[in-house]
Amino acid sequence: MIDLKYLQKNFDEASAKLSKKGVDGEALENLKTLFSNLKDANARLEVAKADQNRMSKLFGEYMREKKDITELKAKVDANKEVIVVLQSTANKANDALQTIALAMPNLPDDSVPIGTDEDDNVELRKVLTPRVFDFEPKEHWALAEINGWIDFERGVKLAKSRFSVLRGDAARLERALINFFLDVNREKGFEEVCVPFINNASMLQGTGQLPKFEDDLFKIEDENLYLIPTAEVPLTNLYNDEILTDKELPILLTGYTPCFRKEAGSAGRDTRGMIRQHQFNKVEMVAIANPNESDKIFEMMVENASDILTQLGLPHRVVELCGGDLGFSAATTIDLEVWLPGQDKYREISSISNTREFQARRAKIRYRDGKKNRLVHTLNGSALAVGRTLVAIMENYQNEDGSIEIPKVLKKYM
RNA sequence: AGAGAGGUGGCCGAGUGGUCGAAGGCGCACGACUGGAACUCGUGUAUGGGGCAACUCAUCGAGGGUUCGAAUCCCUUCCUCUCUGCCA
């Protein structure tokens with residue numbers, strides 16, 4: 001959630017920042033008004049409640065001293081009616097504010113490039129040169145068929161479209177990648193954790209998936225629970241509603257989880273192959289950081305994900321997202337895009353974001369800074385998306401006959 | 001899933017209608033004592049909101065209700081523990 005006090009005091013600045021993300025000024029103006037309405041309603045309510053508390057104490061004294069209470073009772077009853085009205089006004093103001101505030105995206109950093117969509121993203125650098133093929137490289141689904149690696153039809157039979165089954169060496173390779181990623185992350189100082197793949201609504205609100213993006217989530221029927229769309233949710237919310245000590249920071253976490261997404265709104269995109277599935281595996285990094293360290297940790301996370309791709313020999317590029325392409329919770333995001341020779345383009349394989357205080361405010365994750373409690377910064381990033389890495393290996397390591405080499409670093413895992 | 005018991009501050013634990021944001025203990029922080037430390041003694045020690053501040057409002061798992069007044073009474077719900085059932 002954005003800082004409403006900041007919004008109130010620096011409205012023009014906040015407005016300018018959010019316009020980068022495509023938020024119109026009217027919604028923001030509305031939010032500011034609601035906030036000041038709430039403050040006003042609360043101030044009046046508080047005075048009435050203070051009166052009530054005072055009179056109630058007096059009431060107790062009167063009773064003990066056996067004084068006449070009729071007059072006091074009349075006063076207190078009248079005030080009570082006032083409180084009921086003020087309370088209802090304050091509640092309404094609060095509900096209205098929460099509804100809008102929770103749907104308001106994070107402010108982008110000043111350094112975020114201006115732009116409306118992915119075409120305006122800024123390429124920072126390329127790592128490794130794509131291999132030159134002396135034959136026409138195939139797309140991964142063609143290679144999957146030749147090798148019997150991916151059974152799309154039976155995935156659909158078991159569940160529905162956008163589900164698939166990995167078979168034989170592909171299944172082993174998937175597992176090898178998970179182990180490889182976790183090992184690398186652990187060596188970089190991330191604690192490995194294994195978490196529930198189902199989280200409750202409050203956690204999903206904490207990281208920003210709810211209330212706005214409910215349509216993208218698989219909900220458990222009759223329960224207040226959802227399949228996680230990313231390990232960012234359980235890893236970040238591990239510290240939901242906690243106050244950490246400065247000494248504990250930064251907390252670096254890594255975990256493997258499957259991720260479940262409805263992909264509402266992606267109808268027709270990447271229908272072929274396993275680039276966009278309802279269920280996919282991912283190894284995630286999460287950092288809970290002291291605000292003055294978060295930029296440094298962000299760089300480290302980007303380097304780590306890039307290093308993994310380099311170790312796998314996968315050419316990729318590092319891209320800074322423009323304001324319009326930035327996710328809801330992110331203040332800044334860097335994507336890693338891996339080269340897919342079969343598709344002849346770079347495709348997203350990792351996305352690393354600093355949400356600054358945005359998620360911490362929603363999830364109430366704080367640390368003690370001297371006598372004061374302050375919000376931490378939370379960061380998250382994939383290292384890496386497993387299924388897409390498998391695709392990248394297939395396309396980059398293919399031979400003319402359709403067979404696929406295994407990258408050297410993975411040999412010990414197979 | 002059924003039966004029973006219970007959820008109070010960082011932890012333990014008292015508190016069954018008012019003077020309770022909450023005794024006492026432990027822990028922690030600071031100070032005194034000491035050459036230094038232990039011991040001992042003193043002081044302080046929940047969170048969130050509003051206010052420059054004095055101060056004030058809210059919070060005793062969560063939500064609702066009764067009452068002038070609720071940690072305490074009533075309802076709903078979540079969670080934990082024990083026994084039974086079921087399983088990996």
Side-chain angles (χ1 to χ4, degrees), chain A residues 1-9 31-102 194-206 210-211 219-226 234 237-249 251 258 357-376:
Chain A
M1 200 157 77
I2 62 171
D3 183 349
L4 293 170
K5 270 198 242 176
Y6 164 83
L7 174 69
Q8 200 181 38
K9 286 182 187 147
L31 190 61
K32 188 189 170 196
T33 308
L34 286 169
F35 185 54
S36 78
N37 286 352
L38 177 64
K39 277 181 75 168
D40 189 53
N42 274 337
R44 282 188 289 155
L45 175 62
E46 209 182 282
V47 169
K49 278 188 171 175
D51 283 345
Q52 195 75 351
N53 287 343
R54 214 171 298 121
M55 287 192 279
S56 286
K57 273 186 186 166
L58 207 57
F59 203 103
E61 281 176 35
Y62 277 30
M63 296 287 276
R64 245 175 287 122
E65 294 165 14
K66 303 216 186 326
K67 284 192 193 164
D68 180 35
I69 53 157
T70 36
E71 198 181 324
L72 182 61
K73 173 128 168 72
K75 268 198 200 164
V76 117
D77 282 343
N79 193 48
K80 199 180 176 186
E81 282 175 37
V82 172
I83 288 179
V84 169
V85 174
L86 289 175
Q87 183 76 65
S88 132
T89 307
N91 287 350
K92 274 184 206 144
N94 190 44
D95 289 351
L97 179 71
Q98 289 303 316
T99 302
I100 295 194
L102 286 172
C194 191
V195 291
F197 304 155
I198 295 174
N199 281 194
N200 63 47
S202 167
M203 300 304 117
L204 283 133
Q205 181 173 299
L210 288 179
K219 188 173 199 290
I220 310 289
E221 199 177 8
D222 298 328
E223 304 267 5
N224 198 24
L225 298 168
Y226 298 80
N237 282 296
L238 217 49
Y239 295 97
N240 187 297
D241 199 21
E242 292 194 25
I243 300 168
L244 303 157
T245 60
D246 195 18
K247 259 196 241 164
E248 291 173 88
L249 304 178
I251 295 170
E357 293 181 351
F358 186 81
Q359 291 179 327
R361 185 172 290 108
R362 288 173 160 250
K364 300 190 184 73
I365 308 174
R366 294 144 295 173
Y367 73 103
R368 189 165 284 280
D369 180 20
K371 285 205 100 172
K372 283 228 159 162
N373 293 328
R374 294 187 196 284
L375 295 168
V376 298

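Please read these numbers as outputs of a predicted model, since none were measured by experiment. Reminder, nothing fancy here: chain letters follow the sequence lines and each chain counts from 1. Atoms considered below: every heavy atom in the structure, side chains included; atoms not considered: hydrogens, waters and symmetry mates.
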So, is K364(A) near the phosphate of U47(B), with a side-chain N or O under 4.0 Å from OP1 or OP2? no
Among the nucleotides C57(B), U47(B), G18(B), whichever has the atom closest to the side chain of S56(A) is G18(B)
Suppose you measure atom C1' in U16(B) against the same atom in U8(B); what distance do you get, rounded to whole Å? 14 Å
Paired to U43(B) by Watson-Crick or G-U wobble criteria (both distances under 3.5 Å) is A29(B)
Do N42(A) and E46(A) have side-chain N/O donor and acceptor atoms under 3.5 Å apart? no
Exercise. Considering only the C1' atoms, how many Å lie between G27(B) and C11(B), rounded to the nearest integer?
Worked result: 7 Å
Between N91(A) and I243(A), the residue closer to the 5' end of RNA chain B by nearest nucleotide is I243(A)
Considering only heavy side-chain atoms of K39(A), the closest of C68(B), G51(B), G48(B) is G51(B)
Separation of C20(B) atom C1' from N53(A) atom CG, nearest Å, is 13 Å
key: Polar side-chain contact E46(A)-G49(B) base: donor and acceptor under 3.5 Å   = yes
Kindly list each side-chain donor-acceptor pair under 3.5 angstrom involving residues 53-62 of chain A, sequence neighbours excluded, with atom names and distances?
| residue | atom | partner | partner atom | Å |
| --- | --- | --- | --- | --- |
| R54(A) | NH1 | D51(A) | OD1 | 3.1 |
| S56(A) | OG | Q52(A) | O | 3.1 |

- Closer than 4.0 Å, any side-chain N/O of K73(A) to the OP1 or OP2 of U67(B)? no
